[in-house]
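Data first, discussion second: the structure below is written as structure tokens.
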Amino acid sequence: MVSSDVKNIIRGYLTRRTPDGYFVIPAKLEALNHLKDLENAITYEIAGDIVFIKVKSRSLGERIIRRLYRLGLIA
């Protein structure tokens, strides 16, 4: 069963793309440690203690959001 909080977060972050075609997911800097297996599929930019994870694929973005939500790392 999927929490309505996660559904709302997914809907919020994965409805609009940036002008260059990416979905952007803001997360705590520690999130990068938990996404090592996805290094080749993501791009990210660090701003202070926040990391902006950029993905082209909606399904990959959803997987990332679900993983980071479970770990409490969504910013």
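Please read all numbers here as calculations on a predicted model, not as lab measurements.
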Could you pull out the closest heavy-atom pair between His34 and Asp37, with the gap in Å? O-OD1, 3.9 Å
Just so I know, are the side chains of Leu35 and Arg67 near enough to count as touching, which here means a heavy-atom distance under 4.5 Å? yes
For a 4.5 angstrom cut-off between non-hydrogen side-chain atoms, does Ile42 reach Leu60? yes
Least distance between heavy atoms, Tyr44 atom then Leu32 atom: CE1-CD1, 3.7 Å
Are the side chains of Arg58 and Phe23 in contact, using a 4.5 Å heavy-atom criterion? yes
All salt bridge (Lys or Arg N to Asp or Glu O under 4.0 Å) counterparts of Asp20, not counting sequence neighbours: Lys54
Taking side chain as C-beta onward, heavy atoms only, is Ile74 less than 4.5 Å from Arg66? no
Transitively linked via ILVMFWY side-chain contacts under 4.5 Å: Ile65 with Ile50? no
Do the side chains of Leu73 and Leu29 get nearer than 4.5 Å, heavy atoms only? no
Are Leu38 and Arg63 side-chain neighbours, meaning at least one heavy-atom pair lies under 4.5 Å? yes
When rounded to the nearest 0.5 angstrom, what is the spacing between CG in Leu68 and CD1 in Ile9? 10.0 Å
Applying a strict under-4.5 Å side-chain criterion to I, L, V, M, F, W and Y, I'd like to know whether Ile53 and Val6 cluster together. yes
Minimum-distance pair of heavy atoms, taken over all atoms of Gly72 and Lys28: O-NZ, 3.3 Å
Would you give the length of the straight line joining atom CZ of Phe52 to atom CD1 of Ile25, rounded to the nearest 0.5 angstrom? 12.0 Å
Heavy-atom closest contact (Val55 atom, Gly61 atom, distance): CG2-CA, 3.8 Å
Rounded to the nearest 0.5 angstrom, the CD-OH distance for Glu45 and Tyr22 is 9.5 Å
